[in-house]
Q: 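Got a structure here, written out as structure tokens. Questions coming.
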There are 2 protein chains.
Amino acid sequence: MTETRVLDDLLCFDLYSLSRMVTALYRPVLEPHGLTYPQYLVLVSLTRLGTCSIGDIGRATRLDHGTLTPLLRRLADRGLLTLDRSAADARSVTVSLTPDGEALRPVFHEAQCHLGESLGMTEQQVRRLQTTLHQLAEHLDNPA
Amino acid sequence: MTETRVLDDLLCFDLYSLSRMVTALYRPVLEPHGLTYPQYLVLVSLTRLGTCSIGDIGRATRLDHGTLTPLLRRLADRGLLTLDRSAADARSVTVSLTPDGEALRPVFHEAQCHLGESLGMTEQQVRRLQTTLHQLAEHLDNPA
DNA sequence: AAAGAGTATCTTGTGCACAACTATCTTGTA
DNA sequence: TACAAGATAGTTGTGCACAAGATACTCTTT
């Protein structure tokens, strides 16, 4: 039993530590463009969602509003996206990629390629690990 | 191929996101004691290592010195540990748990138990996932 | 003894993570 | 219409993550 508890503890540390190691893998590709990993996540989700609200981005990235507000402002200040209060619903802020932001798509692709090479895993291994992580995340979201 | 790249991308996001979800699981147990998850990691590694240097803790937790220095100072200010420059090697700072720090051991155990219940995984599932994460971390440390 | 390499730690600065609180707006209900 | 409930964002404050540069020390080599 104690053994299991120690394993649980280690598992969580492994997730925590490996997550930061993987984030570091992106750095050599993203930093030359002045981007951080969370900024990369936000921009990629924007390219997939298209123009959307801050709340939409938060759901896609699981990032808090308190994280997204300053992050989006920094990206808007650099001209990569625009933030406009919605005319239809004045509570909502609409986020859109600018042409400068769209121009970063090749960088996102490069980052993905770089990561694929760095992982050193087969596609099957990646799928299997991903399934495990998804199941765990699902369980934590809905412990039902 | 593009498919694989998307998988890689998602895998990394899953790690990043799941890591924060698991950290959040610790919060209900740690917060009443005024502890954060990184502080918990440092204190647990101290209970396992015994008195040691800041560098030892950094290797155990994979935390940067710039993270550890203020973190340790906060814990020292609260009387949970002591920081003393080593007499033998004046470069090194020795970290020791105080009795107040030792008294938190039951909290660490409670956190582990809480997490074990929250994960909803069998011991075998935990072991398997952990093995995968260890292999990946090892590969990233030594891409040889 | 003195210089240089290597190590351990600290300092500073930017950005993210998250909690608590506030302001504003929409919608359902009376 | 008016109001309470709930949602959407913003603001503020603390702590962590990490890079870059500074400081101080040890050890080896000369």
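Please read these numbers as outputs of a predicted model, since none were measured by experiment. In what follows, every heavy atom counts, from backbone to side chain, and hydrogens, waters and symmetry copies are set aside. Protein chains get the first letters and strands the later ones, always in sequence-line order, with residue 1 at the start of each.
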Q: Calculate the interatomic distance between A:Leu35 atom CG and D:dC18 atom P; express it in whole Å.
A: 17 Å
Q: Judged by each residue's nearest nucleotide on DNA chain D, which is more toward the 5′ side, A:Thr23 or A:Asp64?
A: A:Asp64
Q: Taking the minimum atom-to-atom distance to the side chain of A:Ser92, which one of D:dC18, C:dA20, D:dT8 wins?
A: D:dT8
Q: Among the candidates D:dC18, C:dC18, C:dT11, find the nucleotide nearest to the side-chain atoms of B:Thr69.
A: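 Ranking D:dC18, C:dC18, C:dT11 by closest atom to the B:Thr69 side chain puts C:dT11 first.
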Q: Under 4.0 Å, counting only non-hydrogen atoms across every strand here, what does B:Arg73 touch: a base, just sugar-phosphate, or nothing?
A: sugar-phosphate
Q: Which nucleotide, C:dT9, D:dA9, D:dG15, lies nearest any side-chain atom of A:His65?
A: D:dA9
Q: Rounded to the nearest angstrom, tell me the gap between atom OH in A:Tyr37 and atom P in D:dA19.
A: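 Taking atom P of D:dA19 as the reference, OH of A:Tyr37 is at 16 Å.
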Q: Relative to the ring of A:Tyr40, is the ring of A:Tyr26 parallel (under 30°), tilted (30 to 60°) or perpendicular (over 60°)?
A: tilted
Q: Please examine the side chains of A:Leu133 and B:Leu129, heavy atoms only from C-beta on, and report whether any two atoms are closer than 4.5 Å.
A: yes
Q: Among B:Glu123, B:Gln124, B:Gln130, find the one that has a side-chain hydrogen bond (donor to acceptor under 3.5 Å, both in side chains) with B:Arg127.
A: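 It is B:Glu123; the other options fail the test.
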Q: Please report the distance, rounded to the nearest Å, between OH in B:Tyr26 and P in D:dG15.
A: 21 Å
Q: Of the candidate nucleotides D:dG10, C:dA17, C:dT9, which contains the atom at the shortest distance from the side chain of A:Ile54?
A: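 Nucleotide nearest to A:Ile54's side chain: D:dG10.
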Q: Would you mind reading off the distance between B:Leu30 atom CG and D:dG15 atom P, rounded to a whole angstrom?
A: 15 Å
Q: State which of C:dC18, D:dA9, D:dA17 makes the closest approach to the side chain of A:Tyr16.
A: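 For the A:Tyr16 side chain, the nearest candidate turns out to be D:dA17.
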Q: Would you kindly give the CG-to-P distance between A:Leu71 and C:dC18, to the nearest whole Å?
A: 13 Å
Q: Just call it for A:Ser53: base, sugar-phosphate, or nothing, with non-hydrogen atoms closer than 4.0 Å on any strand.
A: sugar-phosphate
Q: What nucleotide, of C:dA17, D:dG15, C:dT9, holds the atom closest to the side chain of B:Thr36?
A: D:dG15
Q: For A:Gly55, report the nucleic acid contact type (base, sugar-phosphate, nothing); a contact means any heavy atom under 4.0 Å.
A: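 Sugar-phosphate, no base atom in range.
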Q: Rounded to the Å, how far apart are A:Leu75 CG and C:dG15 P?
A: 10 Å
Q: Using the closest heavy atom to pick a nucleotide of DNA chain D for each, name whichever of A:Gly66 or A:Ala24 lands nearer the 5' end.
A: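 First, find each residue's nearest nucleotide; the 5'-ward one identifies A:Gly66.
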Q: Under the criterion side-chain contact (heavy atoms from CB on, under 4.5 Å), I'd like the reasoning laid out for B:Val29 against B:Leu115: C-alpha separation, chi angles, the key distance, then a yes or no.
A: CA-CA 9 Å; B:Val29 178; B:Leu115 200 73; over 6 Å; no
Q: Would you kindly give the OH-to-C1' distance between A:Tyr40 and D:dA17, to the nearest whole Å?
A: 20 Å
Q: Counting only side-chain nitrogens and oxygens, does A:Arg85 get under 4.0 Å of the OP1 or OP2 atom of D:dA9?
A: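 No, because none of the side-chain N or O atoms of A:Arg85 sits under 4.0 Å from OP1 or OP2 of D:dA9.
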Q: Just compare C:dA17, D:dG10, C:dT9 and give me whichever is closest to any side-chain atom of B:Val93.
A: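 Of the options given, the side chain of B:Val93 lies nearest C:dT9.
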Q: Compare all side-chain heavy atoms of A:Leu35 with those of A:Arg78 and state whether any distance is below 4.5 angstrom.
A: yes
Q: Go nucleotide by nucleotide along DNA chain C from the 5' end; which of B:Arg27 and A:Pro70 gets its closest nucleotide reached first?
A: A:Pro70
Q: Please report, rounded to the nearest Å, how far the P atom of D:dA9 is from the CG atom of A:Leu83.
A: 11 Å
Q: Going by an N to O cut-off under 4.0 Å, is there a salt bridge joining B:Arg20 and A:Asp64?
A: no
